[in-house]
Trainee: 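Would you mind keeping the following structure in view while I ask a few things?
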Amino acid sequence: MKKHVFSALSLLFIGGLLSAQEVNFEEYDLDNGLHVILHQDNSAPVVTTSVMYHVGSKDEDPDKTGFAHFFEHLLFEGTKNIERGEWDKIVSSNGGTNNANTFLDRTYYYEVFPSNSLEVGLWLESERMLHPIIGQVGVDTQKEVVQEERRLRVDNSPYGAFFEQLLSNLYTKHSYRWGVIGSLDHLASATLDDFKKFNKTYYVPNNAVLVVAGDIDTEKTKKMIADYFGPIPRGEEIKRPNIQEDPITNTIFAEYRDPNIQIPAILLAYRTPGQGQRDAYVINMISTYLSDGESSKLYKKLVDEKKMALQIFSVPIDAEDYSSYIVGALPVGDNTIQDLKKEIDEEILKIQMNLISEKDYQKLQNKFENNYVNANSSIEGVANNLAENYMLKDNTNLINTEIDIYRSITREEIMEVAKKYLKVNQRVELEYLPTQKDAN
């Protein structure tokens with residue numbers, strides 16, 4: 001009886017959290033095409049200013065890759081009104097922090113300030129958009145930075161190349177087929193005019209969303225936004241090709257040898273729907289059920305019980321046009337990567353042939369409820385989610401309603417989606433091996 005009471009109280013508590021967590025926001029467009037989203041939360045004297053540009057590695061010329069990630073760095077170099085090396089000093093002297101990141105479809109810049117420094121954040125981002133200096137000194141400096149980053153994260157990092165290797169095998173036509181960091185040779189051979197053209201094309205107000213979230217006065221913030229961003233000229237309309245991949249109908253076998261590892265890995269990658277589609281949400285649930293964390297089916301089976309794997313991991317790649325479900329494993333002892341592949345396939349077959357248990361289904365629902373609460377627990381998280389939902393899913397209010405999609409997914413739907421997308425003949429099998437020829 002006590003357990004039932006506790007469960008009921010827990011559900012009421014979670015329900016109260018979810019209902020109290022509704023994110024109120026206002027959105028509108030400036031005349032130059034900049035989309036603006038405002039979220040007022042005066043519970044703490046903190047504000048996030050952020051700009052997401054609809055440009056990622058997929059927007060690059062196949063012969064000039066790495067530009068979007070390069071610009072993530074380059075646009076901190078300074079502007080007509082901010083000298084080189086002064087950006088971070090301005091942020092820190094106003095009590096703030098800042099960062100940026102790039103992925104397949106977008107580049108995101110943000111600052112977190114005490115709310116009395118809101119105007120500083122708006123000025124910085126308007127300067128980045130209107131007055132960036134794309135000069136030879138900055139370009140040469142950032143080329144060295146990116147070269148070192150690639151050496152550190154990819155070339156000299158254990159298993160660092162698996163992301164690029166999987167993308168290059170999952171896609172043959174689409175521009176997701178190269179890694180976000182791109183080619184150092186392409187960057188080295190690019191001219192200053194190449195960089196200026198890329199900036200003029202993509203870092204324009206009509207290709208961006210500005211989010212201001214936190215301790216703000218909405219009307220005063222609108223006035224500042226109009227003053228700082230209103231005068232920025234609209235860019236030319238961006239034409240993006242609609243590239244469709246042919247379905248994978250026969251297993252793609254690939255091999256890569258990494259001099260930085262001693263233990264081989266098996267990686268199985270499935271091309272799945274773009275992140276805004278309903279089936280993508282179902283795939284997320286399947287990924288969590290099978291391979292996300294120590295309580296997942298594959299971890300419990302292969303690491304805890306059979307002790308066949310040193311590690312089980314999943315790397316979901318959520319993207320605008322196509323997403324991916326990737327599951328991988330490292331063997332331990334005398335087990336081989338082929339042994340692990342067989343065990344993984346057995347678990348996938350189970351969810352294709354049978355409904356998951358009610359207990360496991362409820363556990364999944366609880367986990368996604370918890371993820372939802374955590375994702376919007378900070379002003380930085382709210383700002384990022386508002387931007388992504390608008391730009392990549394075409395529905396800003398998913399910040400409030402996305403959890404309802406997960407709640408509506410049934411056990412039957414999980415089984416059907418697993419049958420549809422997780423077929424052996426529709427995947428890439430990457431054997432990620434040490435350089436030694438006697439690897440498993």
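One-based numbering along the sequence shown.
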Trainee: Would you call Asp193 and Lys197 a salt bridge, taking side-chain N to carboxylate O under 4.0 Å as the test?
Mentor: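 Here Asp193 does not pair with Lys197 in a salt bridge, since their nearest N and O are not under 4.0 Å apart.
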
Trainee: At what distance, to the nearest 0.5 angstrom, does CD of Glu149 lie from CD1 of Ile181?
Mentor: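 Here the interatomic distance stands at 4.5 Å.
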
Trainee: side-chain contact (heavy atoms from CB on, under 4.5 Å), that's the test. Do Gln244 and Tyr322 meet it? Break it down for me.
Mentor: CA-CA 10 Å; Gln244 300 291 320; Tyr322 296 97; 3.6 Å; yes

Trainee: Please determine if Arg427 forms a cation-pi arrangement with Tyr421, meaning its NZ or CZ atom is less than 6.0 Å from the six-membered ring centre and no more than 45° off the ring axis.
Mentor: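 No cation-pi geometry.
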
Trainee: Under the criterion side chain to side chain donor-acceptor pair (under 3.5 Å), I'd like the reasoning laid out for Glu72 against Thr107: C-alpha separation, chi angles, the key distance, then a yes or no.
Mentor: CA-CA 7 Å; Glu72 174 197 320; Thr107 304; over 6 Å; no

Trainee: Are Tyr270 and Ile283 close enough that some pair of their side-chain heavy atoms sits under 4.5 Å apart?
Mentor: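 Contact flag for Tyr270/Ile283 side chains = no.
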
Trainee: Is any side-chain heavy atom of Thr191 closer than 4.5 Å to one of Lys196?
Mentor: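 A side-chain contact under 4.5 Å is absent here.
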
Trainee: Could you check whether any side-chain N or O of Gln426 sits under 3.5 Å from a backbone N or O of Lys420, counting only pairs where one atom can act as donor and the other as acceptor?
Mentor: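 At least one qualifying donor-acceptor pair exists.
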
Trainee: Taking the side chain as every heavy atom from C-beta outward, state whether Phe313 and Leu330 have any pair of such atoms under 4.5 Å apart.
Mentor: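 With C-beta onward as the side chain, the pair touches.
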
Trainee: Find out whether Thr221 and Gln40 are in side-chain contact, i.e. whether some heavy atom of one side chain is under 4.5 Å from a heavy atom of the other.
Mentor: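 Counting from C-beta outward, Thr221 and Gln40 never come under 4.5 Å.
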
Trainee: With a 4.0 Å cut-off on N to O distance, would you call Arg240 and Glu320 a salt bridge?
Mentor: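 Looking at Glu320 together with Arg240, the answer is no, because their closest N to O distance does not fall below 4.0 Å.
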
Trainee: After noting the C-alpha distance and the side-chain angles of Asp345 and Lys341, does the key distance pass the salt bridge (Lys or Arg N to Asp or Glu O under 4.0 Å) rule?
Mentor: CA-CA 6 Å; Asp345 282 342; Lys341 183 176 75 171; 5.8 Å; no

Trainee: Please determine whether side chain to side chain donor-acceptor pair (under 3.5 Å) holds for the pair Asp105 and Tyr176, giving the CA-CA distance in whole Å, both sets of side-chain angles, and the decisive distance to 0.1 Å.
Mentor: CA-CA 9 Å; Asp105 305 297; Tyr176 286 160; 2.7 Å; yes

Trainee: With a cut-off of 6.0 Å (strictly less than), are more than 12 heavy atoms of other residues, nucleotides or ligands near CG of Asn42?
Mentor: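 Check passes, neighbour count above 12.
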
Trainee: Flag the pair Pro264 / Pro434 as yes when at least one side-chain heavy-atom distance between them is below 4.5 Å, and no otherwise.
Mentor: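 SC-SC contact between Pro264 and Pro434 confirmed.
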
Trainee: Hey, is the main chain of Asp155 close enough, under 3.5 Å, to the side chain of Asn260 for a donor-acceptor pair?
Mentor: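 Checked: pair present.
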
Trainee: Below 4.5 Å, heavy atoms only, C-beta onward: do Val112 and Ile379 meet side chain to side chain?
Mentor: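 They are not in contact (no side-chain heavy atoms under 4.5 Å apart), so the answer is no.
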
Trainee: Quick one: pull up CG in Asp279 and OG1 in Thr272 and give me the separation to the nearest 0.5 Å.
Mentor: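 One gets 9.5 Å once the value is rounded to the nearest 0.5 Å.
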
Trainee: Decide whether a cation-pi geometry holds between Lys222 and Tyr28; the criteria are a distance under 6.0 Å from NZ or CZ to the six-membered ring centre and an angle within 45° of the ring axis.
Mentor: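 Ring-cation test returns yes.
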
Trainee: Before giving the answer on side chain to side chain donor-acceptor pair (under 3.5 Å), spell out for Thr102 and His69 the whole-Å C-alpha distance, their side-chain angles and the decisive distance to 0.1 Å.
Mentor: CA-CA 6 Å; Thr102 310; His69 172 258; 5.8 Å; no

Trainee: More than 12 heavy atoms of other residues, nucleotides or ligands under 6.0 Å from CG of Asp394: is that the case?
Mentor: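 No, not enclosed.
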
Trainee: Show the nearest heavy-atom pair for residues Gly96 and Pro114, with the distance to one decimal.
Mentor: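 Taking Gly96 first and Pro114 second, the nearest heavy atoms are N-CD, 4.3 Å.
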
Trainee: Show your working on side chain to side chain donor-acceptor pair (under 3.5 Å) between Tyr361 and Gln365 and close with a plain yes or no.
Mentor: CA-CA 6 Å; Tyr361 175 74; Gln365 290 289 346; 3.2 Å; yes

Trainee: Please round to the nearest 0.5 Å and tell me the distance separating atom OG of Ser189 and atom CG of Leu184.
Mentor: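 With rounding to 0.5 Å, OG (Ser189) is 10.5 Å from CG (Leu184).
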
Trainee: Hey, does Ser324 have a side-chain heavy atom less than 4.5 Å from the side chain of Leu170?
Mentor: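 Result yes, sub-4.5 Å side-chain heavy-atom pair found.
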
Trainee: Between Asn397 and Asn389, is a side-chain contact (heavy atoms from CB on, under 4.5 Å) present by the stated rule, with each step listed?
Mentor: CA-CA 7 Å; Asn397 197 46; Asn389 288 334; over 6 Å; no

Trainee: Given 3.5 Å as the limit, does a donor-acceptor pair link the side chain of Arg177 with the main chain of His174, or not?
Mentor: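 Answer holds: yes.
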
Trainee: What's the verdict on side-chain contact (heavy atoms from CB on, under 4.5 Å) for Leu104 and Asp321, showing C-alpha distance, side-chain angles and the deciding distance?
Mentor: CA-CA 10 Å; Leu104 301 171; Asp321 299 337; over 6 Å; no

Trainee: Is any side-chain N of the basic residue among Arg407 and Asp404 closer than 4.0 Å to the acidic one's carboxylate O?
Mentor: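 Asp404 and Arg407: salt-bridged.
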
Trainee: Short question: side chain of Asn207, backbone of His54 - any donor-acceptor pair under 3.5 Å?
Mentor: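 Present.
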
Trainee: Return yes if some donor-acceptor pair links the side-chain N/O of Ser175 with the main-chain N/O of Lys58 below 3.5 Å, else return no.
Mentor: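 Pair found, side chain donor or acceptor close to backbone of Lys58.
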
Trainee: Give a yes or no answer on whether the side chain of Arg128 reaches the backbone of Leu75 with a donor-acceptor pair at less than 3.5 Å.
Mentor: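 Yes; at least one donor-acceptor contact below 3.5 Å.
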
Trainee: Counting only N and O atoms by type, is there a donor-acceptor contact under 3.5 Å from the side chain of Thr65 to the main-chain atoms of Ser183?
Mentor: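 Flag set: sc Thr65 to bb Ser183 pair under 3.5 Å.
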
Trainee: Should we count CD of Glu86 as having more than 12 external heavy atoms under 6.0 Å?
Mentor: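 Yes, because the 6.0 Å sphere around CD of Glu86 holds more than 12 heavy atoms from other groups.
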
Trainee: Under the criterion salt bridge (Lys or Arg N to Asp or Glu O under 4.0 Å), I'd like the reasoning laid out for Glu255 against Arg257: C-alpha separation, chi angles, the key distance, then a yes or no.
Mentor: CA-CA 7 Å; Glu255 178 184 301; Arg257 292 195 174 269; 3.3 Å; yes

Trainee: Which heavy atom of Phe67 sits nearest to which heavy atom of Ala190, and what is that distance?
Mentor: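 Looks like CZ-CB, 3.6 Å.
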
Trainee: Hey, is Lys200 close enough to Glu236 for a salt bridge, meaning N to O under 4.0 Å?
Mentor: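 Salt bridge flag = no for Glu236 with Lys200.
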
Trainee: Phe71 and ring pair (Phe, Tyr, Trp, His ring centres under 6.0 Å): which partner among Phe76, Phe198, Tyr53?
Mentor: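 One option only clears the test, and that one is Phe198.
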
Trainee: Does any N or O in the side chain of Thr251 come within less than 3.5 Å of the main-chain N or O of Val424, such that one atom is a donor and the other an acceptor?
Mentor: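 Yes.
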
Trainee: Using only atom types and a distance under 3.5 Å, with no angle test, would you say the side chain of Asn206 pairs donor to acceptor with the backbone of Arg234?
Mentor: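 Checked: no pair found.
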
Trainee: Heavy atoms only: give me the nearest Leu152-Ser157 pair and the separation to one decimal.
Mentor: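 That would be O-CB, 3.3 Å.
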
Trainee: What are the two closest non-hydrogen atoms of Ala269 and Ile326, and how far apart are they?
Mentor: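 Where Ala269 meets Ile326 most closely, the heavy atoms are CB-CG1, 3.8 Å.
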
Trainee: Determine whether Leu130 and Tyr228 make a side-chain contact, defined as any pair of heavy atoms from C-beta on separated by less than 4.5 Å.
Mentor: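 No, every pair of side-chain atoms sits at 4.5 Å or beyond.
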
Trainee: How far apart are the C-alpha atoms of Thr172 and Asp246, what are their side-chain angles, what is the distance that settles it, and do they pass the side-chain contact (heavy atoms from CB on, under 4.5 Å) test?
Mentor: CA-CA 8 Å; Thr172 58; Asp246 295 326; 5.6 Å; no

Trainee: Using only atom types and a distance under 3.5 Å, with no angle test, would you say the side chain of Trp178 pairs donor to acceptor with the backbone of Ser57?
Mentor: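 Side chain of Trp178 to backbone of Ser57: a pair is present.
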
Trainee: Just how far is it from atom OH of Tyr202 to atom CD1 of Ile238, taken to the nearest 0.5 Å?
Mentor: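 So the gap between those two atoms works out to 6.0 Å.
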
Trainee: Using the side-chain contact (heavy atoms from CB on, under 4.5 Å) definition, which of the options Thr396, Val211, Leu386, Val209 pairs with Glu27?
Mentor: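 That would be Thr396; it is the only one of Thr396, Val211, Leu386, Val209 passing the side-chain contact (heavy atoms from CB on, under 4.5 Å) with Glu27.
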
Trainee: Check this for me: does any side-chain nitrogen of one of Glu77 and Arg84 sit under 4.0 Å from a carboxylate oxygen of the other?
Mentor: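 Yes.
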
Trainee: Looking at Phe163, Tyr432, Tyr159, which one forms a ring pair (Phe, Tyr, Trp, His ring centres under 6.0 Å) with Tyr256?
Mentor: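 It is Tyr432; the other options fail the test.
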
Trainee: How long is the gap from CD1 on Ile216 to CG on Leu38, to the nearest 0.5 Å?
Mentor: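 That separation rounds to 5.0 Å.
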
Trainee: Which heavy atom in Phe70 sits nearest to a heavy atom in Gln142, and how many Å separate them?
Mentor: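 Of all heavy-atom pairs spanning Phe70 and Gln142, the closest is CE1-C, 3.5 Å.
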
Trainee: Looking only at heavy atoms, which two atoms of Phe195 and Val139 are closest? And how far apart?
Mentor: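 Nearest pair, atom of Phe195 first, then Val139: CE1-CG1, 3.6 Å.
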
